[in-house]
Amino acid sequence: MIDHRALIDDPQGILAQLRRRGIDSATVDDLTRLVETRREAIQRVEKMRHDLKVTSGEVQQKAKSGDMEAVDSARAQLKSLKAEIKDGEDLQQKVEVELENRILTVPNLPQSSVPDGPDESHNRVERTVGAPTQFDFEPKPHWEVAEKLGILDFERATKMSGSRFAVYFGAGARLERALINFMLDVAAENGYTEVLPPILVRREAMLGAGQYPKFIGESFETLDNEYALIPTAEVPLANLHRDEIIPEDKLPLRYAAFTPCFRREAGAAGKDTRGLIRQHQFNKVELFSYTTPEQSIDEHERLTDNAEEILRRLELPYQVISLCTGDLGFTSSKTYDIEVWLPAQNRYREISSCSNCLDFQARRAHIRCRSTDGDKKAKPRLVHTLNGSGLAVGRTVVAILENYQCADGSVVIPKALVPYFGGDRIALPAQ
RNA sequence: GGAGCGAUGGCCGAGUUGGUCGAAGGCGCUUGACUCGAAAUCAAGUGUGCCGCAAGGCACCGGGGGUUCGAAUCCCUCUCGCUCCGCCA
């Protein structure tokens, strides 16, 4: 959620930044008007409440002195004031609800270093690491590799769950598990505290993380609508410090969480229907940082590098791109996508997305920090939050199966993963 | 699932015949005095948000709603916690 104070202080500045994301001036004008209406409503109500308070005290004095006639007439008078206040409060609440509803649909302001552009074709490649894997045979898509090895079964998954699900068998299940452990260990080395959070959360948690109300249609909920299945561990991690004031010397706080993630993929009908790329349920290790406002720009680079480190250690070729304003996620002020090379698709595909939300999530979730050195009178400030996949596990399996496949159909296990996997190759099953 | 009890400031804990209570007291913390320094002692200060240029004002005693001129205090409801019973692992 953007800062509504800023709409009064610098509406032109806000408009200029939101324009880059395709928000028109009418929207900003509406919001600014609402903010001002709200202010007027508050001032009117507070004035009346003040009068009520003072006069109410006088009633007590009169009652004490036994002047019951004066008490009765004051009561009648206050009763009508009370009714006026009630009307004023209703109006104020109406304005505030409307402002809230409107402002919740406004995306975060992009950082100046974010490239402009309407769609992904304007994303900027920041760096490329490694070169596309070379083969002396035609590399197969991962689902063919996997089915031949007997480690992934998409058809049987439909028996219990329908499309966009997979069953892992044997070495496949083991590979997924090895990757999870490997990623969590690397995260721990980099200073992240491991967290195993609930994956069923209340709607307020979805709101706090910025998923709701915008993406209600993307989520799975329980039948009573009491709980939502998390679409990413970002949701529980962003709510971890709800309503807290964190001493600044504790920041940055870094967390890594392995969780399953659940997404309807409502807008993706027909896309990536084969294989592990786009599933309703997938595993992910998520990295999350809470920082002071001063730290977040640097932390964004660090967090992205921590995610890249997984690919470097697995010796998988990748590139890092900076999303343009039109491709930026709702809550993000700047996002780096890490894309891994997939030989069978002959292109790079997203395997991680690292975003700096600045104070956008913190404002909704009431997460603040306070200076710890000297200045005890310092006002609490909103923290900055950052998140990134480190990495999407299923897609990492895809990348390994495709990049490490051999002509005979077997798959080599990346060296860094051998101790976790307990072997250096997935061989074809004996006939 | 049934019955009962509870939720107050960083922590502990008063306040529940409604009235000046943002809230006693203690602890903790900050600053000052004393001290070579520390401890002890003494004094003062010590929540958050919103509106306001400011002075100041308004709100908040788990969340929401109600009664009343006036509610931390009364009523309803939700969430969370504890105790007992039942049920399940």
Side-chain angles (χ1 to χ4, degrees), chain A residues 1-11 31-101 103 197-198 200-208 212 221-222 224-228 236 239-251 359 361-383:
Chain A
M1 184 168 68
I2 62 167
D3 181 9
H4 71 247
R5 294 284 325 180
L7 285 165
I8 290 182
D9 298 340
D10 182 22
L31 281 170
T32 307
R33 202 172 313 120
L34 276 169
V35 173
E36 261 154 21
T37 308
R38 166 180 174 273
R39 168 159 57 178
E40 288 157 16
I42 287 173
Q43 285 169 1
R44 196 166 47 243
V45 169
E46 289 193 350
K47 165 88 173 61
M48 288 191 288
R49 270 207 286 253
H50 179 66
D51 292 347
L52 178 74
K53 216 169 168 176
V54 171
T55 319
S56 220
E58 289 167 11
V59 170
Q60 191 198 156
Q61 296 308 317
K62 285 171 186 158
K64 265 187 185 159
S65 65
D67 186 354
M68 292 321 287
E69 266 179 47
V71 169
D72 286 343
S73 77
R75 271 189 186 161
Q77 194 190 327
L78 284 175
K79 198 152 191 166
S80 72
L81 176 58
K82 188 64 192 295
E84 260 185 84
I85 291 174
K86 181 84 180 124
D87 289 347
E89 283 173 342
D90 289 347
L91 185 69
Q92 179 191 338
Q93 201 191 3
K94 208 180 120 214
V95 173
E96 287 190 327
V97 166
E98 192 178 345
L99 174 62
E100 171 116 333
N101 288 341
I103 210 163
L200 235 38
V201 298
R202 288 188 191 287
R203 293 181 139 217
E204 304 90 85
M206 295 289 272
L207 270 167
Y212 282 8
E221 290 191 355
T222 55
D224 53 12
N225 295 113
E226 195 169 352
Y227 298 106
N239 282 278
L240 215 47
H241 292 288
R242 262 275 288 266
D243 301 315
E244 287 184 32
I245 299 176
I246 304 166
E248 281 185 16
D249 58 7
K250 290 209 176 140
L251 298 174
D359 60 14
Q361 285 176 327
R363 182 168 294 109
R364 247 225 54 81
H366 307 295
I367 308 164
R368 291 163 295 171
C369 60
R370 190 192 332 250
S371 166
T372 35
D373 45 59
D375 192 5
K376 288 296 169 191
K377 291 187 294 276
K379 282 274 166 209
R381 305 185 291 164
L382 292 167
V383 299

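Letters A, B, ... mirror the listed sequences (proteins, then strands); counts begin at 1.
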When you compare B/rU73 with B/rG18, how far apart are their P atoms, in angstrom units rounded to a whole number?
12 Å

Please classify the nucleic acid contact of A/Leu81 as base, sugar-phosphate, or nothing, using heavy-atom distances under 4.0 Å.
nothing

A/Ile42 CD1 to B/rG57 C1', straight-line distance once rounded to whole Å
12 Å

Distance check, C1' atoms only: B/rG15 and B/rA24, in whole angstrom units.
8 Å

Distance check needed: B/rC60 C1' versus A/Asp243 CG, whole Å only.
13 Å

Under a 3.5 Å cut-off for both distances, is B/rG28 Watson-Crick or wobble paired, and to whom?
B/rU46

Can you tell me how far C1' of B/rU48 sits from NZ of A/Lys379, to the nearest Å?
8 Å

Considering only B/rC58, B/rC51, B/rG47, which nucleotide approaches the side chain of A/His4 most closely?
B/rC51

Looking only at atom types and distance, does a side-chain atom of A/Asp359 sit under 3.5 Å from a main-chain N or O of A/Leu382, one as donor and one as acceptor?
no

Mind checking whether A/Arg368 and A/Ile246 have side chains closer than 4.5 Å, heavy atoms only?
no

A/Gln93 has its side chain closest, among B/rC51, B/rC69, B/rG65, to B/rG65

Between B/rG2 and B/rC75 - C1' atom distance, rounded Å
24 Å

May I ask you to say what A/Lys82 touches in the nucleic acid, namely base, sugar-phosphate or nothing, with a heavy-atom cut-off under 4.0 Å?
base

Specify the separation, in whole Å, of atom CZ of A/Arg49 and atom P of B/rU20.
18 Å

Find out whether A/Gln92 and A/Glu96 are in side-chain contact, i.e. whether some heavy atom of one side chain is under 4.5 Å from a heavy atom of the other.
yes

Whole-Å P distance, B/rG45 and B/rA23
13 Å

Quick one: are A/Arg370 and A/Lys379 in side-chain contact, heavy atoms under 4.5 Å?
no

Nucleotide of B/rU68, B/rG57, B/rG49 approaching A/Pro380 most closely (side-chain heavy atoms)
B/rG49

Checking all strands, does A/Arg5 fall into the base, sugar-phosphate, or nothing category for heavy-atom contacts under 4.0 angstrom?
sugar-phosphate

Any side-chain heavy-atom pair from A/Glu221 and A/Arg203 closer than 4.5 angstrom?
yes

Rounded distance in Å between the P positions of B/rC27 and B/rC85:
41 Å

Could you let me know what B/rC80 is paired to, Watson-Crick or G-U wobble, both distances under 3.5 Å, or none if it's on its own?
B/rG6

Round to a whole Å and report the spacing from CZ of A/Arg370 to C1' of B/rG47.
8 Å

P atom, B/rA71 versus B/rG22: distance in rounded Å?
11 Å

On the nucleotide B/rA59, are OP1 or OP2 found under 4.0 Å from the side-chain N or O atoms that A/Lys53 carries?
yes

Please tell me if the side chains of A/Leu251 and A/Val383 come closer than 4.5 Å, counting only heavy atoms from C-beta onward.
yes

Without decimals, in angstroms, what is the distance between A/Glu204 CD and B/rG62 P?
18 Å

Pairing partner (Watson-Crick or G-U wobble, both distances under 3.5 angstrom) of B/rA39
none

For B/rA55, which nucleotide is its Watson-Crick or G-U wobble mate, given both distances must be under 3.5 Å?
none

Could you work out the separation of B/rC60 and B/rA55 based on their C1' atoms and round it to a whole Å?
23 Å

Could you tell me the separation between the CZ atom of A/Arg38 and the P atom of B/rC51, rounded to a whole number of Å?
5 Å

Does A/Arg44 make a side-chain N or O approach to OP1 or OP2 of B/rC58 shorter than 4.0 Å?
no

Using atom C1' in both nucleotides, what's the gap between B/rG62 and B/rU79 to the nearest angstrom?
8 Å

Counting only Watson-Crick or G-U wobble pairs whose two distances fall under 3.5 Å, which nucleotide matches B/rC69?
B/rG19

By the 4.0 Å heavy-atom rule, please label A/Lys47 as base, sugar-phosphate, or nothing.
nothing

Spacing of CD belonging to A/Glu40 relative to CG belonging to A/Leu91, to within rounding of 0.5 Å:
10.0 Å

If the test is side-chain contact (heavy atoms from CB on, under 4.5 Å), which one of A/Asp90, A/Ile42, A/Thr37 qualifies with A/Val95?
A/Thr37

Closest listed nucleotide, where the reference is the side chain of A/His50 and the choices are B/rC58, B/rC69, B/rG66
B/rC58

Starting the side chain at C-beta, find the nucleotide from B/rC51, B/rU68, B/rA59 nearest to A/Lys79.
B/rU68

Could you check which nucleotide pairs with B/rC87 in any of the strands shown, counting Watson-Crick or G-U wobble with both distances under 3.5 Å?
none

Across every strand shown, the nucleotide meeting Watson-Crick or G-U wobble geometry with B/rC34 (both distances under 3.5 Å) is none

Rounded to whole Å, the CZ-P distance (A/Arg202 to B/rC78) equals 13 Å

